[in-house]
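These figures come from a predicted structure and were not determined experimentally.
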Number of protein chains: 2
Amino acid sequence: MDTTDLKVFETVARTGGMNRAAAELHTVQSNVTARIRALETELGCPLFARHSRGVALTAAGERLLPYARRVAWLLADAVRATRDDGTPRGPLTIGALETTAALRVSPLFAGYATAFPEVDLAVRPGTTEELINAVLNRTLEGAFVCGPVAHQSLIEQVMFQEELTILAALGLPSIEAATQGGIARIVVLRAGCSYRQRREMVLANRGIAVPRVMEFGTLEAIFGCVAAGLGITLLPRALIGPVWRAGRVSLHALPPSEAMVTTVFIHRREAHLSSALRAFLEHVQAGAGYS
Amino acid sequence: MDTTDLKVFETVARTGGMNRAAAELHTVQSNVTARIRALETELGCPLFARHSRGVALTAAGERLLPYARRVAWLLADAVRATRDDGTPRGPLTIGALETTAALRVSPLFAGYATAFPEVDLAVRPGTTEELINAVLNRTLEGAFVCGPVAHQSLIEQVMFQEELTILAALGLPSIEAATQGGIARIVVLRAGCSYRQRREMVLANRGIAVPRVMEFGTLEAIFGCVAAGLGITLLPRALIGPVWRAGRVSLHALPPSEAMVTTVFIHRREAHLSSALRAFLEHVQAGAGYS
DNA sequence: CTCAGCCTATCGTTTTTTCAGATTGCTTTT
DNA sequence: AAAAGCAATCTGAAAAAACGATAGGCTGAG
């Protein structure tokens, strides 16, 4: 029951073939066969059913596979935890909603980077769903997403409170006025936008249909489109404050039940909480007074 | 980061010396040194501080140790889960309070043993505290203990409901009468008796002091002592029913708040639930109608 | 102070395990 | 029928692990 055997096993199970696994593991097929055979002998039951196109997991193999993954994760965590002497260092990749990254996370970076220069900080934007999956996949150590999440294997803590507002062209007295005939043109940052669910709720409450969602990659482009009367958008008030003050667009407040969203930070429950992440969270909470 | 390396590491950490670890692992000391050295090289930090009387864990070693244990447990669980094809077999060691074992568990054994002849069933008696520790130590797969337990890493389910009663010599009209001058002589099965906490509560509520607890290894001896007027005892009603009906002793009921105790079955939350244990629980719950 | 006892580190040798390459046999596809 | 893809097996080479002996350091008893 060696860790390398389990790694080989996992690769064979994932690729569905010993040749493919050998190629991925940079070794030869005979070696893979031998490792699997050793495992099968040790466990006393076949793990794969051999057929002409490769191999398929047996029931016993299916039972072993999750353990193989967990062992690999646990070993990786053990290395990280052992090396982590309490001073934040090394890579720290976290996720954030695009607007959260721009509005909340970016301003905190300078201070964090100065305080902990040995940390290689990276932020990956994405939607709540993407980010949750990335955290579960161990691609990200943690993420700022739209809460509540309530996932069993994730710890979440409320970090920010955002007030969403409708952003429209100047001179429009209300949301309804911006939607001629109950039809709204929506401008968003990305197709699977951060606040998509909330946006659809807001529009559905008013009986407004959405024929088309226009996607622009940058906030500046969105502001330009809204100012030009191309459509409306839904963004955190703090984010669009400067643009509104510049007199380019008009804001339309929403009732609190629709406007308020909480941004939570999620990370895996069972995993090692790295010093870099712990320090980051302390940094965020220390500087989060102005939410 | 091999599993054998982790096992060697754990042994050295536990025994506090490479020689002792080598003896326990049936190998030579140089080998242990080499394994530890390999681990330290791989992790990039020393795991032990060497001194003349042996070795002591460094901070990094302290961080690694729990992971080494978890990996070992996970691997053992992986083997068991992989080999477990759904038909109960192999060893099944569970714990139970002495009275629960006698009263509830024993009657269920015959049927279980007949239905699943491949299971090697064993029951270990003990107090609630001992049994909880044994389950946490992985000495027992599960145990019947006095609930509620409410431990984070244990799953508990209510199995039986017991009514405790005072057992005293014949002709004593009340509990108070059995305790001359507020002093009771108590007869128990074992020093750290199953219902000790409850017993102390019952006596404290009545202002009865306990000068001495007499310990007898068998139920029959307890019945004899109580019948002879040596003291009183607190036992499940169902257990002492036959003796009482034989007219040897007198029963004194307690108010429900004092009398009723729940017996829960506990097992580890994260561990593999073996088919043998699963079948046993189903068997118990199917036959538990007469609680 | 000295020496015995206990401990770890190191080195050379032996044993075991693992790896790599070639071959065989089977099945499916062309 | 030939070709391609796949797993099983065998063999020699390489690597790793285990072993045994020795050296060196520290402690405590005499």
Side-chain angles (χ1 to χ4, degrees), chain A residues 1-62 64-65 68 71-72 75 79 82, chain B residues 1-62 64-65 68 71-72 75 79 82:
Chain A
M1 206 55 162
D2 202 353
T3 57
T4 60
D5 289 358
L6 285 180
K7 187 184 290 285
V8 170
F9 166 76
E10 192 274 336
T11 309
V12 173
R14 181 161 39 78
T15 59
M18 303 220 187
N19 275 300
R20 286 181 282 273
E24 184 171 321
L25 293 166
H26 304 295
T27 181
V28 291
Q29 170 259 327
S30 65
N31 200 357
V32 174
T33 302
R35 298 295 85 227
I36 297 297
R37 178 161 297 271
L39 258 185
E40 290 178 325
T41 305
E42 179 179 352
L43 291 169
C45 52
L47 298 170
F48 293 103
R50 279 76 165 171
H51 53 79
S52 61
R53 313 293 295 163
V55 295
L57 280 171
T58 62
E62 293 277 6
L64 179 59
L65 185 54
V71 168
L75 287 174
V79 173
T82 307
Chain B
M1 203 57 160
D2 201 352
T3 57
T4 60
D5 289 359
L6 286 180
K7 187 184 290 286
V8 170
F9 166 76
E10 193 275 336
T11 309
V12 173
R14 181 161 39 77
T15 60
M18 303 221 188
N19 275 300
R20 286 181 283 273
E24 184 172 320
L25 293 166
H26 305 295
T27 181
V28 293
Q29 170 261 325
S30 65
N31 200 357
V32 174
T33 302
R35 299 294 85 227
I36 297 298
R37 180 163 297 272
L39 258 185
E40 290 178 325
T41 304
E42 179 179 352
L43 292 168
C45 51
L47 298 171
F48 292 103
R50 279 78 164 170
H51 53 80
S52 61
R53 312 296 294 165
V55 296
L57 280 170
T58 62
E62 293 277 6
L64 179 59
L65 185 54
V71 168
L75 287 173
V79 174
T82 306

| request: Report yes if at least one side-chain N or O of Arg37(A) is closer than 4.0 Å to OP1 or OP2 of dT9(D); otherwise report no. | output: yes
| Heavy-atom closest pair, residues Arg20(A) and Gly54(A) | NH2-CA, 4.3 Å
| Between Leu57(B) and Phe48(B), which heavy-atom pair has the shortest distance, and what is it? | CD2-CE2, 3.4 Å
| said: Counting the atoms with a prime plus P, OP1 and OP2 as sugar-phosphate, which does Val55(B) contact under 4.0 Å by heavy atoms, base, sugar-phosphate, or nothing? | reply: sugar-phosphate
Atom pairs under 3.5 Å, N or O on each side, protein against nucleotides 10-18 of chain D: can you list them with distances?
| unit_1 | atom_1 | unit_2 | atom_2 | d |
| --- | --- | --- | --- | --- |
| dA17(D) | OP2 | Arg35(B) | NH2 | 3.1 |
| dA18(D) | OP2 | Asn31(B) | OD1 | 2.8 |
| dA18(D) | OP2 | Asn31(B) | ND2 | 3.1 |
| dA18(D) | O5' | Asn31(B) | ND2 | 2.8 |

| message | Just the rounded figure in Å: distance from P of dT27(C) to CZ of Arg53(A). | response | 13 Å
| field | dA9(C) phosphate, OP1 or OP2, under 4.0 Å from Thr33(B) side-chain N/O | value | yes
| query | Can you check the Leu25(A) CG to dT18(C) P distance for me, whole Å? | reply | 15 Å
| Minimum heavy-atom distance between Thr15(A) and Ala21(A), given as atom pair plus value | OG1-N, 3.5 Å
| query | For Phe9(B) and Gly61(B), which heavy atoms make the closest approach, and how far apart are they? | reply | CZ-O, 3.5 Å
| query | Do the charged groups of Glu42(A) and Arg35(A) touch, with an N to O distance under 4.0 Å? | reply | no
| message | Let's see if you get this right: which residues in residues 9-19 of chain B place a heavy atom under 4.0 Å from DNA chain C? | response | Gly17(B), Met18(B), Asn19(B)
| request: List for me each residue that meets salt bridge (charged side-chain N to carboxylate O under 4.0 Å, His left out) alongside Glu24(B), sequence neighbours excluded, and say none if there are none. | output: Arg14(B)
| said: Any non-hydrogen side-chain atom of Cys45(B) less than 4.5 Å from a side-chain atom of Thr82(A)? | reply: yes
| Any idea which of dA9(C), dA7(D), dT27(D) is nearest the Ser52(B) side chain? | dT27(D)
| Rounded distance in Å - CD1 (Ile36(A)) to P (dT9(D)) | 14 Å
| task | Considering non-hydrogen atoms only, spot the tightest contact between Asp5(A) and Ala38(A) and give its length. | result | OD2-CB, 4.4 Å
| request: Let me know the distance between NE2 of His26(B) and C1' of dC19(D), rounded to the nearest Å. | output: 16 Å
| Separation of atom CZ in Arg20(B) from atom C1' in dG5(C), rounded to whole Å | 13 Å
| Side chains of Ile36(A) and Arg50(A): does their closest heavy-atom pair fall under 4.5 Å? | yes
